[in-house]
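Quick note: numbers below take in every heavy atom, side chains included, and nothing from hydrogens, waters or symmetry partners. Numbering of ligands and ligand atoms starts at 1, following listing order.
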Amino acid sequence: VKYHIDTIPVWDALRLNGECMLCSLRRKQELLSAERYLGGSVMEPDVRIAVNKAGFCQRHQALLYTQSNRLGHALMMHTHLKETHDRLRPLLDKAESAARGKRRVSAGMHRSRSQANSQLQEAARQMEQLINQCALCEGLDTAMGAYTHTLLYMYKTDPDFKRAFECSKGVCLKDASALMMMAEEVLSGNTLSDFVCALSRLTHENLERAEGEVEWFTLKADYRNADKPWGTSRDALERTVNRLRGWCIGAEPNLRDH
Ligand SMILES: [Zn+2]
Ligand SMILES: [Zn+2]
């Protein structure tokens, strides 16, 4: 896969010195996408085709809904609903005919009964696939693939970035696995082993730090510790969840002070 290399956003995300630079990039991209969908980019033919076909997952419906543009949201949902209904028609027909076929078969005809069962299940599976799509998730995955690739490329080609990455707080487990998955595509030899060892060390160190911080968070609930200082544990729950699963709760990852 060929990616356009844009190093500036990756440097910016690293300089935030947050829990995960890829989560910062993902969140920025996600908010930008939500804004673009509601800001008329659905008028672009390829975007419109993608939205009409896939719609949005629950999380992204909720995000779009918070953008205070119910009309823009409704316009997208109207065309997506029509297309979904068209795609649903043959599946519902298939389910109905499977169920009718099942009623016709006599008690002794086990084979065609199980055939009708599997046809019904097949229709149900296709229905599930139909609603398990999200245009925003798909766009986000593509963008994150490009950023993950760029990060590895910068590690290989820019000694300043290599040093800065090795002094950072690393990345969340979701992004650590994505980096590891792609590492051999971009890196080889010593650079590959340097990177994997650095990523592994950063992961250990930061999980250990999170363990200590979240433990102190729980101990602070004890009245005997009420007067003791919080240290860095005030938002330890949020940072622990975000490190384990990728950013999803607490302060926005692109705010400088949290
Ligand atoms: Zn992350
Ligand atoms: Zn989504």
Side-chain angles (χ1 to χ4, degrees), residues 9-38 41-42 47-67 72-73 76-77 80-81 84 128-152 154-155 164-165 168-183 195 198-207 209-210 235-255 258:
V10 181
W11 265 119
D12 287 347
L14 178 71
R15 289 193 184 108
L16 284 170
N17 197 29
E19 295 287 328
C20 175
M21 68 188 88
L22 287 168
C23 280
S24 301
L25 287 163
R26 184 182 291 105
R27 181 59 172 168
K28 203 184 228 175
Q29 186 70 35
E30 186 173 51
L31 292 173
L32 198 72
S33 303
E35 207 174 282
R36 281 186 53 229
Y37 280 121
L38 291 168
S41 85
V42 271
V47 180
R48 193 172 52 210
I49 289 166
V51 170
N52 287 349
K53 179 175 172 285
F56 301 104
C57 67
Q58 288 184 328
R59 206 165 65 78
H60 287 137
Q61 293 282 13
L63 175 65
L64 290 166
Y65 191 69
T66 61
Q67 307 289 301
H73 199 167
M76 284 193 287
M77 287 306 101
H80 169 57
L81 176 64
T84 301
E128 196 182 33
Q129 278 168 9
L130 187 69
I131 54 158
N132 271 347
Q133 303 178 67
C134 173
L136 211 157
C137 280
E138 284 163 27
L140 206 51
D141 286 348
T142 306
M144 290 317 296
Y147 279 134
T148 306
H149 187 276
T150 301
L151 192 157
L152 291 163
M154 289 165 76
Y155 186 89
F165 178 80
S168 75
K169 292 183 191 146
V171 295
C172 71
L173 297 187
K174 174 188 170 84
D175 288 315
S177 69
L179 281 168
M180 239 178 247
M181 196 83 81
M182 208 187 258
F195 178 77
L199 183 61
S200 169
R201 172 181 59 78
L202 290 169
T203 303
H204 281 306
E205 282 173 9
N206 285 284
L207 289 180
R209 176 174 59 86
D235 61 347
L237 167 64
E238 290 81 353
R239 286 186 293 104
T240 297
V241 169
N242 295 340
R243 184 156 288 272
L244 287 167
R245 291 294 166 124
W247 183 84
C248 55
I249 58 172
E252 285 286 334
N254 288 295
L255 295 177
H258 51 80

Using a 4.5 Å cut-off on heavy atoms from C-beta on, say whether the side chain of Val241 contacts that of Cys248.
-> yes
Sort by chain and number the protein N/O/S atoms that are closer than 2.8 Å to the Zn ion (ligand 2), and list them.
-> Cys57 SG, His60 ND1, Cys134 SG, Cys137 SG
What pairs meet the side-chain hydrogen bond (donor to acceptor under 3.5 Å, both in side chains) rule with one or both residues in residues 169-180, with sequence neighbours excluded?
-> Arg26-Asp175
For residues Met76 and Phe56, determine if any side-chain heavy atom of one lies less than 4.5 Å from a side-chain heavy atom of the other.
-> yes
Quick one: sort the Phe195 and Phe165 rings into parallel, tilted or perpendicular, breaks at 30° and 60°.
-> parallel
Under 4.5 Å between any side-chain heavy atoms of Cys172 and Trp247, yes or no?
-> no
Quick one: side-chain hydrogen bond (donor to acceptor under 3.5 Å, both in side chains) pairs with a partner in residues 49-58, sequence neighbours left out?
-> Asn52-Thr79, Lys53-Gln133
Is there a side-chain contact between His204 and Arg201, using heavy atoms and a 4.5 Å cut-off?
-> no
Hey, what do you get for CG (Leu22) to OG1 (Thr148), rounding to the nearest 0.5 Å?
-> 5.0 Å
Closer than 2.8 Å to the Zn ion (ligand 1), which protein N, O or S atoms?
-> Cys20 SG, Cys23 SG, Cys172 SG, Asp175 OD2
So, Arg209 versus Asn206: side-chain donor-acceptor pair below 3.5 Å or not?
-> yes
